[in-house]
Amino acid sequence: MKKIVGILAVAALFATSVFASDISAATKIKGTIFSRGADETVGLFQQKNDSHDYANPNFSVSISDDNFGASLKITTDGDQGSAVNPFWAPVTKQTTQTIWFKPVDALKISVGNYDLALNKEQIDWTESVTGLGGNGFVFSINAAGVGLDFFLNEGTGNDFWFSKAKNADDPTLKEFGVKFGYSADFGSIGAFVDINRSGNRWTYHDGLTSAYADAAKYGVDEKGNPKTGILDPKAEGAIKNMLFGAGYNNTFGGVKTFLNVVGYMGENFDWIRPELYVSGAADAFGYSLFAAPVIWTNSDLNKDFEMELVAKVTYALDGFTPYAYFKANNLLADTFAATIKLGANGSVGGMGWNTWLQLDVADKTGISVPFELTVGF
């Protein structure tokens, strides 16, 4: 990995003589000092090397000029092993790359990885269902504060976005859609339509991990397919589902806020989900809140209402910042379940640290003391 990063860094530095470039690299080690799980198993001292997430890659480089640009991000995960090589070794977990160019000033064409989220909460960065991202093609038009993005998502990139077998009645269309945005003095507004969102990219907050949900819980349709309210991957036709929404964001007196309203339609109109985010500070005290109720409109799903809540408060002291964190995927569930963190973060020289007491509350409660150490280069 060092050799690869070194080669990429040298290549990027060479490019600085011609293009504007930006290079960053970092490493993070996560671990747990103490853990007592819900099954009452006790553990001491666990570490996971190079455990970064998609929003904070180990290595990132980008170059651009007025008419074209490119970016490359590499994320590694050292918590790997196998029967052949049981010893830890850093391996590439995710690599994303994008190249864009402008054939004319108002049109930008991007090929590769893209992220067109409407609005994102900034506590966990992953909670909004409005994330429009993947790998494919994006055609962007910007003029007078108005932006239009047309995207074609290939998913894995191993198949065509459009394909039609000989003698087939319907073509196969992968995910595609359009996003609109407008910014002015009153804030920013946006809207989108996302068609054919793939089931293996859509996990909802009650534990569904794919379109093949628990048929005993949701039942089956007249064809014997599980009812999930998300996506039936066996559905016929080129258009299988539609995710759509609109959002507004602004800052009022130092308080950042946004409101999204998102809906989903498969065979029926299944649910609508408002998303509210508020974040601000008063002197040393900081606060953030993300609340997202889900209103199920399809009575066949046997669900009426859900409420997701993520909240964090901080208090900046000299040299470190204590914080409290709360997250519940559904406050209205029959059995209460939540994650509670009480911790602090700060730095020692150029090294950032973060450690916390974590309670995973459910029928039986797990307790642990995780930590993170981060260094940027």
Side-chain angles (χ1 to χ4, degrees), residues 15 19-22 54-55 57 60-73 94-120 125-126 128-164 170-184 187-202 231 237-249 258 260-265:
F19 315 111
S21 66
D22 182 25
Y54 72 95
S60 174
V61 58
S62 63
I63 61 172
S64 65
D65 69 3
D66 294 336
N67 298 314
F68 92 102
S71 65
L72 170 66
K73 297 179 180 180
Q94 182 181 24
T95 302
T96 62
Q97 53 188 339
T98 307
I99 295 177
W100 62 266
F101 61 95
K102 292 183 177 181
V104 295
D105 287 342
L107 174 62
K108 178 181 176 181
I109 301 175
S110 302
V111 183
N113 186 257
Y114 65 91
D115 186 355
L116 301 175
L118 193 61
N119 291 301
K120 281 188 177 181
W125 289 93
T126 57
S128 175
V129 299
T130 66
L132 308 174
N135 293 282
F137 300 82
V138 181
F139 305 88
S140 303
I141 300 174
N142 290 278
V146 177
L148 283 175
D149 297 298
F150 302 89
F151 60 92
L152 309 175
N153 188 6
E154 295 182 22
T156 62
N158 294 324
D159 300 314
F160 292 99
W161 171 77
F162 171 97
S163 63
K164 187 176 184 300
D170 296 305
T172 297
L173 299 180
K174 293 196 173 183
E175 182 180 0
F176 66 101
V178 59
K179 177 191 173 187
F180 162 83
Y182 179 70
S183 298
S188 299
I189 59 174
F192 73 92
V193 175
D194 185 8
I195 298 173
N196 285 351
R197 179 169 287 210
S198 173
N200 58 16
R201 295 181 60 244
W202 178 251
L231 171 66
I239 305 299
K240 297 178 176 62
N241 64 80
M242 180 184 299
L243 183 71
F244 52 90
Y248 169 78
N249 74 73
F258 73 70
N260 296 331
V261 179
V262 190
Y264 177 85
M265 181 177 292

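Keep in mind that the numbers below use all heavy atoms, side chains included, and drop hydrogens, waters and symmetry copies. Nothing here was measured: the structure is a model prediction, and the numbers come from that model.
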Legend entry - Ile99, CD1 atom: more than 12 neighbouring heavy atoms under 6.0 Å: no
Legend entry - Shortest non-hydrogen separation from Pro103 to Ile109 and the atoms involved: CG-CD1, 4.0 Å
Inset, instruction - Heavy atoms only: give me the nearest Lys174-Glu154 pair and the separation to one decimal. - result: NZ-O, 3.2 Å
Legend entry - Side chain to side chain, Leu118 and Leu132, heavy atoms closer than 4.5 Å: no
Inset, instruction - Please test Ile239 against Phe176 for side-chain contact (heavy atoms from CB on, under 4.5 Å), starting from the C-alpha separation and ending with a verdict. - result: CA-CA 10 Å; Ile239 305 299; Phe176 66 101; 3.9 Å; yes
Inset, instruction - Determine the minimum heavy-atom distance between Met242 and Val193, stating which atoms define it. - result: CG-CG1, 3.9 Å
Legend entry - Side-chain donor/acceptor of Asn67 to backbone N/O of Lys102, under 3.5 Å: no
Inset, instruction - To the nearest 0.5 Å, tell me how far Phe101 CZ sits from Leu107 CG. - result: 8.0 Å
Legend entry - Test side-chain contact (heavy atoms from CB on, under 4.5 Å) applied to Ser140 - qualifying residues, sequence neighbours left out: Lys108, Val138, Asn142, Asp149
Legend entry - Nearest-0.5 Å distance that lies between atom CG in Asn196 and atom CG in Asn241: 5.5 Å
Inset, instruction - State the CG-CZ distance between Asn260 and Phe192, to the nearest 0.5 angstrom. - result: 8.0 Å
Inset, instruction - May I ask you to test the Phe180-Val146 pair for a side-chain heavy-atom distance under 4.5 Å? - result: yes
Inset, instruction - Would you confirm whether Thr98, through its side chain, and Asn113, through its main-chain N or O, come within 3.5 Å as a donor-acceptor pair? - result: yes
Inset, instruction - With sequence neighbours left out, write down each residue that passes side-chain hydrogen bond (donor to acceptor under 3.5 Å, both in side chains) with Ser60, or none if nothing qualifies. - result: none
Legend entry - Heavy-atom pair of closest approach, residues Ala238 and Pro171: CB-O, 3.6 Å
Inset, instruction - Taking the side chain as every heavy atom from C-beta outward, state whether Phe139 and Val178 have any pair of such atoms under 4.5 Å apart. - result: no
Inset, instruction - Could you tell me whether the side chain of Lys179 and the main chain of Gly147 form a donor-acceptor pair under 3.5 Å? - result: no
Inset, instruction - Please step through side-chain contact (heavy atoms from CB on, under 4.5 Å) for the pair Tyr248 and Val261, ending with a clear verdict. - result: CA-CA 9 Å; Tyr248 169 78; Val261 179; over 6 Å; no
Inset, instruction - Could you grab the distance from atom CG of Leu152 to atom CD of Glu175, nearest 0.5 Å is fine? - result: 10.0 Å
Legend entry - Stepwise side-chain contact (heavy atoms from CB on, under 4.5 Å) check, Val111 with Trp100: CA-CA 6 Å; Val111 183; Trp100 62 266; over 6 Å; no
Legend entry - From Phe68 atom CZ to Ile63 atom CD1, the distance as rounded to the nearest 0.5 Å: 4.5 Å
Inset, instruction - Indicate the ring-plane relationship of Phe151 and Tyr114, choosing parallel, tilted or perpendicular according to the 30° and 60° boundaries. - result: tilted
Legend entry - Shortest non-hydrogen separation from Asn135 to Asn153 and the atoms involved: O-OD1, 2.8 Å
Inset, instruction - Specify the closest pair of heavy atoms between Lys120 and Asp115, including all atoms of both residues, with the distance to one decimal. - result: NZ-OD2, 2.8 Å
